[in-house]
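Here the structure comes first, spelled out in structure tokens, and everything after it is commentary.
Because the structure is a prediction, the values reported are computed rather than measured. Indexing begins at 1, ligand by ligand and atom by atom, following the structure's order.
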Amino acid sequence: MIAPDLLRRLRNDLPMPATIAALGRAGPPSKVSEGYFRFLCPHCGEMRATVNPRNNLAHCFCCKKNLNNIDLLMTLGHDFCSAVVLLERWLKQYQARQAKAKSREPPG
Ligand SMILES: [Zn+2]
């Protein structure tokens with residue numbers, strides 16, 4: 001049984017660009033254009049899946065499908081449980097990096 005709060009955090013608190021960076025070569029090709037992070041849509045194969053930073057959801061402007069972190073991993077062949085395990089690990093790493101970057105900022 002996976003806690004609903006964990007699923008919410010995996011969808012919202014780990015930015016999709018961080019997920020795609022963590023996937024490395026296993027992940028879809030991506031680029032930043034016009035200030036938006038875009039990646040190759042796993043449904044239609046067009047470079048039109050665009051991450052909305054407000055809700056951390058990718059929307060493909062070609063086939064109109066939406067993807068969150070969990071959906072993305074499942075399109076890459078993970079089952080639901082292994083997607084959750086991976087994302088939870090990456091979320092922890094991401095938050096550790098954020099905390100470290102913050103501690104390096106000058107006081108005040
Ligand atoms: Zn698409």
Fill in: Heavy-atom side-chain proximity of D79 to S82 below 4.5 angstrom
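Touching, per the 4.5 Å side-chain cut-off.
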Worksheet entry | Heavy-atom side-chain proximity of S30 to F37 below 4.5 angstrom | yes
Please list, one pair per line, the donor and acceptor atoms closer than 3.5 Å that link side chains of residues 49-76 to other protein atoms, with sequence neighbours excluded.
residue : atom : partner : partner atom : Å
T50     : OG1  : R38     : NH1          : 3.1
T50     : OG1  : R48     : O            : 3.3
N52     : OD1  : R54     : N            : 2.9
N55     : OD1  : L57     : N            : 3.1
N56     : OD1  : M16     : N            : 2.9
N56     : ND2  : R11     : O            : 2.8
N56     : ND2  : L14     : O            : 2.8
H59     : ND1  : N66     : OD1          : 2.8
N68     : OD1  : I70     : N            : 2.9
N68     : OD1  : D71     : N            : 2.8
N68     : ND2  : D71     : OD2          : 3.4
N69     : OD1  : T19     : OG1          : 2.8
N69     : ND2  : L10     : O            : 2.8
N69     : ND2  : L14     : O            : 2.8
D71     : OD2  : N68     : N            : 3.0
T75     : OG1  : L72     : O            : 2.6

Worksheet item: Could you state the interatomic distance from CG (D13) to CG (L6), rounded to the nearest 0.5 Å?
Response: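 With rounding to 0.5 Å, CG (D13) is 10.0 Å from CG (L6).
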Distance-only donor-acceptor hits, side chain of residues 93-103, under 3.5 Å, sequence neighbours excluded:
residue : atom : partner : partner atom : Å
S103    : OG   : K100    : O            : 2.8

Worksheet item: Residues in side chain to side chain contact (heavy atoms under 4.5 Å, CB included) with P4, at least two apart?
Response: none
Worksheet item: In total, how many protein N/O/S atoms does one find closer than 2.8 Å to the Zn ion (ligand 1)?
Response: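 My tally for this metal is 4.
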